[in-house]
Amino acid sequence: MKTVRIAAAQTPEFRGQIEAATQHAIDAVAQAEENNTSLICFPECFLQGYLTDELSARRVAVDLRSDVFCSVLRRLSKTRPMIVLGLIEIEDGRIFNTAVVVKRGVLVGRYRKQHLLDGERAVFDVGNDTPVFEVDGLRFGINVCYDTNFPEAARKVAVLGASLIVCCANNMMPRQKAEAFKDLHNAVRVDRCRETGLWLVSSDVTGERDGRAAWGPTAILNPEGQVVAQLSLGEPGLLLFDIPCGE
């Protein structure tokens with residue numbers, strides 16, 4: 001059985017610090033490349049931070065045709081792994097919670113979050129498309145955080161012939177809520193894996209600020225819904241795992 005090595009980054013939170021986030025991504029991708037990784041994913045809104053007030057989000061949102069984003073692509077142009085990276089996107093004045101897919105500095109595609117929390121609806125527009133991507137024979141689709149609460153989001157990925165869901169997440173919450181939920185985030189993902197027979201990899205932030213905390217988890221779940229690999233809660237790091245992708 002052929003396998004493809006994937007990586008998931010559990011990262012500090014970067015808020016309005018595109019340069020610092022980009023450098024962190026470059027370092028993580030280099031580490032993944034040293035470990036012969038084909039695919040690496042980063043958290044939801046990783047590039048600018050998870051911002052849910054419109055003024056802040058609009059100030060740092062990037063158009064994927066802009067010089068700012070092209071500069072990020074150039075800095076990733078010599079890296080071999082395919083990259084899934086969360087960011088705040090703007091197009092024609094509309095703001096989206098987006099995960100871009102990049103290969104050797106080229107924008108391969110994007111997924112825009114389709115299921116928005118109440119606090120997100122005043123800022124983000126809803127995405128409509130569910131693209132599927134392929135790297136080294138591994139087909140994958142993307143869900144962004146809250147999307148995984150909806151069976152149809154995973155089902156769309158499965159119907160298109162993927163074997164892996166890449167879940168870009170950001171679970172920075174008020175401390176009491178973060179403590180209560182830190183062992184529960186995988187539970188809903190277990191259901192999605194069992195329903196669809198898909199693997200799932202999640203990438204999340206970690207750290208503390210302003211009475212909030214993020215623990216993760218960054219994890220790999222198999223099609224039976226078992227957590228087969230996970231980084232320690234509350235600690236930045238890079239999770240590596242070999243995913244089977246057919247004969």
Side-chain angles (χ1 to χ4, degrees), residues 9 11-26 28-29 40-77 79 82-133 140-150 153 156-157 166-173 202-205 209-210 212 214:
T11 75
E13 183 188 37
F14 298 95
R15 291 171 62 83
Q17 303 174 62
I18 292 177
E19 169 59 32
T22 301
Q23 186 58 56
H24 189 93
I26 290 169
V29 174
I40 178 172
C41 58
F42 290 87
E44 176 184 20
C45 296
F46 169 78
L47 189 63
Q48 305 105 318
Y50 179 71
L51 305 173
T52 55
D53 67 278
E54 185 174 3
L55 288 177
S56 297
R58 191 170 292 277
R59 184 170 59 248
V60 297
V62 295
D63 190 308
L64 301 187
R65 302 161 294 186
S66 68
D67 291 342
V68 172
F69 186 65
C70 287
S71 175
V72 173
L73 291 179
R74 281 195 298 272
R75 296 182 64 185
L76 295 169
S77 62
T79 58
M82 184 171 281
I83 302 164
V84 179
L85 185 137
L87 53 77
I88 299 174
E89 178 196 1
I90 188 167
E91 183 180 66
D92 299 328
R94 301 168 68 200
I95 302 176
F96 298 92
N97 185 330
T98 297
V100 294
V101 180
V102 174
K103 176 72 171 177
R104 293 193 182 275
V106 175
L107 177 64
V108 176
R110 67 186 170 197
Y111 169 84
R112 291 166 167 171
K113 189 173 185 178
Q114 296 183 16
H115 299 89
L116 302 178
L117 292 159
D118 290 342
E120 297 174 329
R121 293 193 183 107
V123 179
F124 299 114
D125 274 75
V126 174
N128 296 309
D129 297 330
T130 303
V132 168
F133 307 93
F140 67 92
I142 301 170
N143 282 189
V144 174
C145 207
Y146 190 54
D147 283 330
T148 58
N149 284 268
F150 299 87
K156 288 178 182 179
V157 174
V166 173
C167 175
C168 302
N170 187 312
N171 285 302
M172 179 67 73
M173 298 176 171
S202 64
S203 172
D204 211 327
V205 298
R209 64 163 172 86
D210 304 327
R212 292 176 171 264

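The figures that follow rest on heavy atoms only: side chains count, while hydrogens, waters and symmetry mates do not. Values in this document were obtained by computation on a predicted structure and should not be read as measured data.
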Only counting residues at least two apart or in another chain, list the ones meeting ring-ring contact (aromatic ring centres under 6.0 Å, His included) with Y111.
none
Atom pair CG (L47) and CD1 (I18), whose distance is rounded to the nearest 0.5 Å:
5.0 Å
For the residue pair H115 and F150, categorise the inter-ring angle as parallel (less than 30°), tilted (30 to 60°) or perpendicular (more than 60°).
parallel
Return the CD to CZ distance between Q48 and R59, rounded to the nearest 0.5 Å.
11.5 Å
Mind running side chain to side chain contact (heavy atoms under 4.5 Å, CB included) on I40 and T79 for me, showing each step along the way?
CA-CA 11 Å; I40 178 172; T79 58; over 6 Å; no
Quick one: does any side-chain atom of R15 pair with a main-chain N or O of L51 as donor and acceptor, under 3.5 Å?
no
Output for pair (L117 CG, T52 OG1), nearest 0.5 Å, gives 9.5 Å
V84, L107, V62 screened by side-chain contact (heavy atoms from CB on, under 4.5 Å) with V100, the one that passes:
L107
Short question: side chain of N97, backbone of C45 - any donor-acceptor pair under 3.5 Å?
no
For residues 122-129, which side-chain N or O atoms pair as donor and acceptor with protein atoms under 3.5 Å away, sequence neighbours left out?
from: D125; atom 1: OD2; to: R94; atom 2: NE; distance (Å): 3.2
from: D125; atom 1: OD2; to: R94; atom 2: NH2; distance (Å): 3.3

Which residues pass the salt bridge (charged side-chain N to carboxylate O under 4.0 Å, His left out) test with R104, sequence neighbours left out?
none
Under the side chain to side chain contact (heavy atoms under 4.5 Å, CB included) rule, collect the residues that match up with I26, sequence neighbours excluded.
T22, Q23, R75, L76
Which residues satisfy the salt bridge (charged side-chain N to carboxylate O under 4.0 Å, His left out) test with E91, sequence neighbours excluded?
R110, R112
If the condition is salt bridge (charged side-chain N to carboxylate O under 4.0 Å, His left out), which residues does R212 pass it with, not counting sequence neighbours?
none
Say whether, by atom type as modelled, one donor and one acceptor occur between the side chain of R58 and the main chain of I90 under 3.5 angstrom.
no
